[in-house]
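To start, the structure under review is shown below, and the notes come after it.
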Amino acid sequence: MFHSICKALLHSRNRYSLIAHNPSMVVPLILRYFSSDADNRHSFTLSYLTKTCGLSPKSALSASKTVQFESSEQPDSVLSSFQKFGFSKIQISEMIRKYPKMLCCDPEKTISPKLEFFLSRGASTPELVKIFTANPWILTRSLENQMVPNFNILIGLFQSEDKAIEVMKRNPRVLCTSPEALVPNINTLRENGVPESNIFWLICNHWHCIEAIRVKFEKIVEEVKGMGFSPLKLQFVEAIMILTGVSKSKKDGRVEVYKRWGWSDKDIANAFKKFPMCMAYSEDKIMAAMDFYVNKLGLESSVIVNCPLLLGYSLKKRLIPRGAVIQFLSSKGLVKLDSSITTLFICPEMLFLEKYVKCHEEAPHLINLYYHKLNLSDTRKFGKDEE
């Protein structure tokens with residue numbers, strides 16, 4: 001190719017005479033030839049990514065650093081393949097934005113066989129679209145060497161294709177790792193009487209926790225049992241998740257935060273046993289929640305020790321809106337700000353509205369107050385309906 005380019009340049013009608021008298025110009029002209037060709041490919045790629053794939057100029061520029069093509073034939077075949085399986089233009093655009101290299105694959109080898117396999121095993125088109133739109137890079141993994149064996153292992157674990165698909169939906173990365181490594185740890189849980197539903201929960205939501213080395217995992221299971229957790233309850237696997245998935249430095253940091261609020265080591269241990277997830281929250285979240293309960297509502301710190309579940313609620317979506325209602329009711333002498341107040345935060349929203357908002361004479365005001373704190377646009381409409 002280099003020889004043919006040189007030949008073409010040397011015999012160019014406009015440049016022959018000049019080059020003949022100045023051979024040193026050959027290299028710069030060759031570089032300009034390649035530069036021009038690269039510029040054309042880059043320009044076409046950018047245009048295709050924006051106009052055909054629907055990427056923003058910024059995303060297209062980023063994607064063009066990893067993919068380049070001279071014509072639309074190859075990428076068109078990829079887009080067509082996805083459309084055939086029910087992916088919308090918006091979903092395809094999202095996939096390309098996340099994983100531009102997808103446009104360079106052979107759809108008949110990389111895309112179609114995998115989607116057809118999972119459809120044949122009971123997955124629905126909407127399920128597959130959702131899974132691979134969120135994780136397009138997974139489609140580049142081997143069907144024969146990873147996806148099929150991993151899927152079959154999941155079926156063996158749960159004796160159900162539906163549950164295997166559910167695991168895949170919750171944690172698509174399972175298709176790219178090795179579920180076989182989980183078998184010994186799953187057997188350890190079963191031998192200790194952990195219900196299948198709780199094992200299923202752990203695999204779906206915290207897959208990495210069961211990937212621990214077998215000896216380490218068995219030690220953690222014994223440690224959790226020693227703390228008094230019942231293998232029959234969800235807290236048992238939640239505690240395992242915390243001990244395997246949260247680093248010591250983070251756990252230590254959270255312990256220090258609780259101690260700032262007057263909790264003793266015993267308080268922290270009791271809270272952990274009641275609600276292991278209290279050690280999963282960030283220090284900022286713990287501080288914000290404790291500040292709300294203790295400084296804003298005036299509750300004793302011990303109230304949270306006895307009901308650590310309160311730490312898990314969203315400050316903006318639950319605590320602040322309900323706190324505003326509770327403070328109003330307290331000012332009227334309708335509720336007491338003591339340990340019984342925890343019920344008002346724990347109950348579902350509809351029950352909260354029925355039992356603590358709509359039943360009072362001040363219902364219109366309380367409803368407006370509640371939805372104002374939620375920043376909902378339908379506050380006034382809802383209030384009128386109630387009036």
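Note that these values count all heavy atoms, side chains included, but never hydrogens, waters or copies made by symmetry.
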Identify the heavy atoms of [X] and [Y] that sit nearest to each other, and give their distance.
| X | Y | result |
| --- | --- | --- |
| E196 | L157 | OE1-O, 4.3 Å |
| M290 | S301 | CE-OG, 3.6 Å |
| C105 | I111 | SG-CD1, 3.9 Å |
| Q327 | K296 | NE2-O, 3.1 Å |

Can we say [X] and [Y] salt-bridge, meaning some charged N sits less than 4.0 Å from an Asp/Glu carboxylate O?
| X | Y | result |
| --- | --- | --- |
| K250 | E283 | no |
| K219 | E222 | no |
| K169 | E166 | yes |

Using modelled atom types only, decide if a donor and an acceptor are shared between the side chain of [X] and the backbone of [Y] within a distance under 3.5 Å.
| X | Y | answer |
| --- | --- | --- |
| S64 | L46 | no |
| T110 | D106 | yes |
| Y356 | V335 | no |
| Q68 | K65 | no |
| N152 | V148 | yes |
| N150 | V174 | yes |
| S80 | S77 | no |
| T66 | A63 | yes |
| S62 | K58 | no |
| K114 | L139 | yes |

Flag yes if more than 12 heavy atoms outside [X] fall under 6.0 Å of its [atom1] atom; otherwise flag no.
| X | atom1 | answer |
| --- | --- | --- |
| I213 | CD1 | no |
| E300 | CD | no |
| K84 | NZ | yes |
| K285 | NZ | yes |

Exercise for review: Might you work through the side chain to side chain contact (heavy atoms under 4.5 Å, CB included) test for M147 and L143, ending with a clear yes or no?
Suggested key: CA-CA 5 Å; M147 292 187 174; L143 177 65; 4.0 Å; yes
Shared hydrophobic cluster, [X] / [Y] (ILVMFWY, side-chain heavy atoms < 4.5 Å):
| X | Y | value |
| --- | --- | --- |
| I346 | L353 | yes |
| I326 | L315 | yes |
| L334 | V325 | yes |
| W263 | V255 | yes |
| M241 | L232 | no |

Exercise for review: May I have the step-by-step check of side chain to side chain contact (heavy atoms under 4.5 Å, CB included) for L103 and L49, ending in yes or no?
Suggested key: CA-CA 10 Å; L103 287 171; L49 290 171; 3.6 Å; yes
Value rounded to 0.5 Å, distance of [atom1] in [X] from [atom2] in [Y]:
| X | Y | atom1 | atom2 | answer |
| --- | --- | --- | --- | --- |
| K274 | L309 | NZ | CG | 11.5 Å |
| R318 | L310 | CZ | CG | 9.5 Å |
| Q146 | I138 | CD | CD1 | 10.0 Å |
| K163 | I155 | NZ | CD1 | 13.0 Å |
| L202 | N185 | CG | CG | 10.0 Å |
| I341 | K336 | CD1 | NZ | 11.0 Å |

**Study point:** Residue pairs, two or more places apart or on separate chains, that pass ring pair (Phe, Tyr, Trp, His ring centres under 6.0 Å) and touch residues 267-291
**Key:**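 The answer is F229-F272.
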Review point. Do any pairs count as a ring pair (Phe, Tyr, Trp, His ring centres under 6.0 Å) and have a residue in residues 73-116, sequence neighbours left out, and if so which ones?
Key: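 Found F82-F87.
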Point to revise | Test item: side-chain donor near acceptor, S249 and D252, under 3.5 Å | key: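 The answer is no; no qualifying pair exists.
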Exercise for review: Apply ring pair (Phe, Tyr, Trp, His ring centres under 6.0 Å) to H360 and list each qualifying residue two or more places apart in sequence or on a separate chain.
Suggested key: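 Per chain and number, H360 pairs via ring pair (Phe, Tyr, Trp, His ring centres under 6.0 Å) with no residue.
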Check your understanding: Would K259 and D265 satisfy side chain to side chain contact (heavy atoms under 4.5 Å, CB included), going step by step from the backbone distance to the final call?
Key -> CA-CA 8 Å; K259 286 186 175 181; D265 288 332; 2.8 Å; yes
Exercise for review: Could you label the plane-to-plane angle of the F132 and F118 rings as parallel, tilted or perpendicular, counting under 30° as parallel and over 60° as perpendicular?
Suggested key: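 Aromatic pair F132/F118 classed tilted.
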**Study point:** Test log, rule side chain to side chain contact (heavy atoms under 4.5 Å, CB included), inputs E238 and W201
**Key:** CA-CA 10 Å; E238 286 180 338; W201 176 88; 3.7 Å; yes
Exercise for review: Please find out if less than 6.0 Å separates the ring center of F69 from that of Y48.
Suggested key: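 Ring centroids of F69 and Y48 are less than 6.0 Å from each other.
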Review point. Within 45 degrees of the axis of the six-membered ring of F151 and under 6.0 Å from its centre: does R121 put its NZ or CZ there?
Key: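 Because its charged atom misses either the 6.0 Å distance or the 45° angle limit, R121 does not stack over F151.
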